[in-house]
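So that the names make sense, note that chain A is the first sequence line, chain B the second, and so on, each numbered from 1. No experiment lies behind these values; they were computed from the predicted model shown.
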Amino acid sequence: MMSAVVSIPDRTRAGGEQTDEWHLVRAASGGDSDAFASLYTRYRSMVHAIVLAHVRDYDVEDLVQDVFISAYGRLASLRDPGAFGPWLSTIARNCARDHLRERARRNLRLVNADLPEVSTAASQNERRQAVEVLEAIRSLPETYRETLVLRLVEGLTGPEIAARSGLTHGSVRVNLHRGMKLLHQEIERRSLR
Amino acid sequence: MNEDYLWDRSGDPDPEIARLEKLLGPLRGDALPLEMERLSRESRRSGLLVRWGAVAAALLIIVAGTAGWSVSRQQQRWELVSLDSGTRLRTGVERGAEIRTDDSTRLQLRMGLIGEVTIDPSTRLRILRTALRESRIGLDEGTIHARILAPPRLFFVSVPSGEAIDLGCAYSLAVSAGGEAVLRVTAGMVALDGDEGTVYVPRGAEATLSHRGVPGIPRYQDADPRFIEAIDQWSGDRRGLEDLLALARPRDRMTLWHLLRNGSPDQRRLIAERIAELEPLPPGMTVDRLAGGDRETVDRLGEDFGIRPSSRLGSWMRAGWRALTSGPWIERPLRLSGIPRRIAS
């Protein structure tokens with residue numbers, strides 16, 4: 001007898017109850033800006049990581065704001081409130097790619113002095129090293145790039161990454177494992193140790 | 001690497017991961033508050049734009065239909081079909097889904113414009129990404145047969161120690177319980193990328209990927225069994241290499257090309273000379289340049305076998321695919337021009 005098991009990640013609690021986040025998204029799509037501000041607090045790190053994984057300049061913070069503003073304007077088109085995290089990820093990636101295309105179109109060049117600012121009083125050398133490692137991460141396939149930035153820059157754990165991105169724990173684990181291996185190789189290749 | 005620490009910071013800190021966290025943490029930036037004033041403006045603006053967007057979307061669909069191209073959400077949706085009964089088991093298969101077949105069930109994963117994957121019995125796989133710009137599944141164990149319609153480097157299969165990168169083709173991929181992968185290509189070309197290197201497998205050839213991420217040397221399935229045995233047993237010695245080279249046919253130059261890429265200078269000399277013996281080298285190419293390991297020359301030889309690690313045509317195809325399939329009628333109905341956007345190189 002045929003048997004195939006197909007399991008889809010369940011974004012609601014057992015018994016069909018909707019999560020707290022589901023209600024926040026529904027409220028925000030009805031115009032509740034406070035509800036949306038709560039979603040911003042919850043997802044800011046994820047969006048920041050995705051944008052940082054793509055964009056090579058210091059406009060990251062502006063782009064993060066752009067992503068959320070754009071998402072707010074399009075909430076009505078989100079059919080499944082439980083899919084807010086993955087839906088927002090797509091918007092963030094598209095926003096980052098659009099930004100890069102726009103920069104290329106305007107032929108804007110990044111000057112060496114335009115390194116991203118860091119919020120602590122890190123030395124110039126440490127900051128430069130951080131940016132070089134970030135460049136190494138950006139050279140990796142997109143799937144690993146974003147997961148690594150979420151883990152190493154934003155400080156999210158594997159379960160937190162899974163919860164926000166909609167990926168299964170298994171997928172995040174594989175992304176982290178393979179991503180770190182590739183990153184080590186890239187760091188060695190670039191002599192960044 | 002301390003996997004527990006990497007996963008959720010449990011256990012003893014891994015020194016390298018902790019070093020990277022300390023180095024990269026400052027790039028987190030300041031958590032600025034949401035710009036509420038912009039939010040209010042957006043709220044007023046979006047009502048008007050939805051109306052204009054609907055009109056513009058309708059116009060674009062007319063243009064696209066006239067041009068003979070239509071990418072509907074239906075075409076994008078992935079679905080799972082039983083090959084035994086022909087019934088559709090699930091539509092809208094999304095990222096995060098896991099599929100497991102028992103020892104007698106065959107399914108087909110239909111991926112819209114991307115292509116289709118037949119899933120053999122006793123197979124476990126995961127859906128990792130379903131975007132038209134990059135689609136990826138993870139094969140944990142079992143066998144799949146893929147027929148891909150999308151341009152090169154848009155469909156990927158992750159296996160325990162690497163990935164198969166579609167370069168425009170049809171192939172079978174099997175993963176054992178121990179994590180070893182075996183790839184057999186029936187049309188086009190597939191790149192098999194492991195932690196320890198990448199190989200290119202053309203139509204009629206096969207290659208393995210060990211559980212440690214070491215790719216085996218691709219060989220044609222119709223090669224002389226003694227040649228195959230010689231490759232598998234070669235331990236890097238000169239005598240073994242000479243025996244192996246003596247058994248190669250002209251068609252086996254593809255296999256020798258892979259040996260050439262990774263050989264020592266002495267080995268490359270022997271291999272290059274044999275390649276030139278089996279068939280004349282392309283104009284302008286010499287044994288000395290091949291033996292010297294000149295990357296451009298080696299890559300150009302690969303083109304003789306259809307191996308183009310970074311093909312310009314492939315880049316153009318991907319650019320065209322993305323321009324046509326990431327249009328506003330799929331994702332963003334508010335940005336419309338009816339003309340494919342320029343794609344940055």
message: Is A/Gln185 close to chain B through its backbone or its side chain, or both, or neither, when contacts mean heavy atoms under 4.5 Å?
response: side chain
task: Would you mind checking which part of B/Ser161 comes under 4.5 Å of any heavy atom in chain A, side chain (CB onward), backbone (N, CA, C, O), both or neither?
output: backbone
message: Please give me the minimum heavy-atom distance between A/Val133 and B/Leu23, naming the atom from each residue.
response: CG2-CD2, 3.7 Å
message: Going by the rule side-chain contact (heavy atoms from CB on, under 4.5 Å), which residues pair with B/Pro160 if we only count those two or more places apart in sequence or in a different chain?
response: B/Val175
statement: Turns out that what part of A/Val172 lies under 4.5 Å from chain B's heavy atoms comes down to both
query: Less than 4.5 Å apart, any side-chain heavy atom of A/Pro141 and any of B/Phe156?
result: no
message: Rounded at 0.5 Å granularity, tell me how far CD in A/Gln129 sits from CG in B/Leu20.
response: 9.5 Å
task: Please report the C-alpha distance between A/Ile137 and B/Leu24 in whole Å, then the side-chain angles of each, then the deciding distance to 0.1 Å, and finally whether the side-chain contact (heavy atoms from CB on, under 4.5 Å) criterion is met.
output: CA-CA 11 Å; A/Ile137 293 176; B/Leu24 297 173; 3.9 Å; yes
- prompt: Is the charged tip of A/Arg151 near the ring of B/Tyr5: under 6.0 Å from the six-membered ring centre and within 45° of its axis?
  reply: yes
Per-residue contact mode, A/Ile161 against chain B (heavy atom under 4.5 angstrom): neither
Interatomic distance, B/Arg95 atom CZ to A/Ser171 atom OG [nearest 0.5 angstrom]: 8.5 Å
field: Rounded distance [0.5 Å steps], CG in A/Leu183 versus CD in B/Glu16
entry: 8.0 Å
task: Below 4.5 Å from any heavy atom of chain B, which atoms of A/Val153 appear? Answer side chain, backbone, both or neither.
output: both
- prompt: Quick one: CE on B/Met1 to CG on A/Leu176, what's the gap to the nearest 0.5 Å?
  reply: 8.5 Å
- prompt: Which residue out of B/Arg124, B/Arg9, B/Glu3 racks up the most heavy-atom pairs below 4.5 Å with chain A?
  reply: B/Arg9
task: Identify the heavy atoms of A/Glu61 and B/Arg28 that sit nearest to each other, and give their distance.
output: OE2-O, 4.1 Å
- line: Comparing A/Ile91, A/Thr143, A/Leu75, A/Asn175 against chain B, the one with the most heavy-atom pairs below 4.5 Å turns out to be A/Thr143
- prompt: If you count the non-hydrogen atoms of other residues, nucleotides and ligands that lie under 6.0 Å from CZ in A/Arg26, is the total more than 12?
  reply: no
- request: With sequence neighbours excluded, tell me which residues meet side-chain contact (heavy atoms from CB on, under 4.5 Å) with A/Lys181.
  value: A/His177, B/Asp195
- prompt: Given the rule in the side-chain contact (heavy atoms from CB on, under 4.5 Å) test, do B/Ile17 and A/Leu152 qualify, once you have shown the distances and angles that lead to the verdict?
  reply: CA-CA 8 Å; B/Ile17 298 172; A/Leu152 298 174; 4.1 Å; yes
message: Just verifying a value: how many Å separate A/Leu167 CG and B/Arg126 CZ, rounded to the nearest 0.5 Å?
response: 10.0 Å
task: Let me know if B/Arg136 has heavy atoms under 4.5 Å from chain A in its side chain, its backbone, both or neither.
output: side chain
message: I need the A/Arg173 CZ to B/Asp8 CG distance, nearest 0.5 Å.
response: 7.5 Å
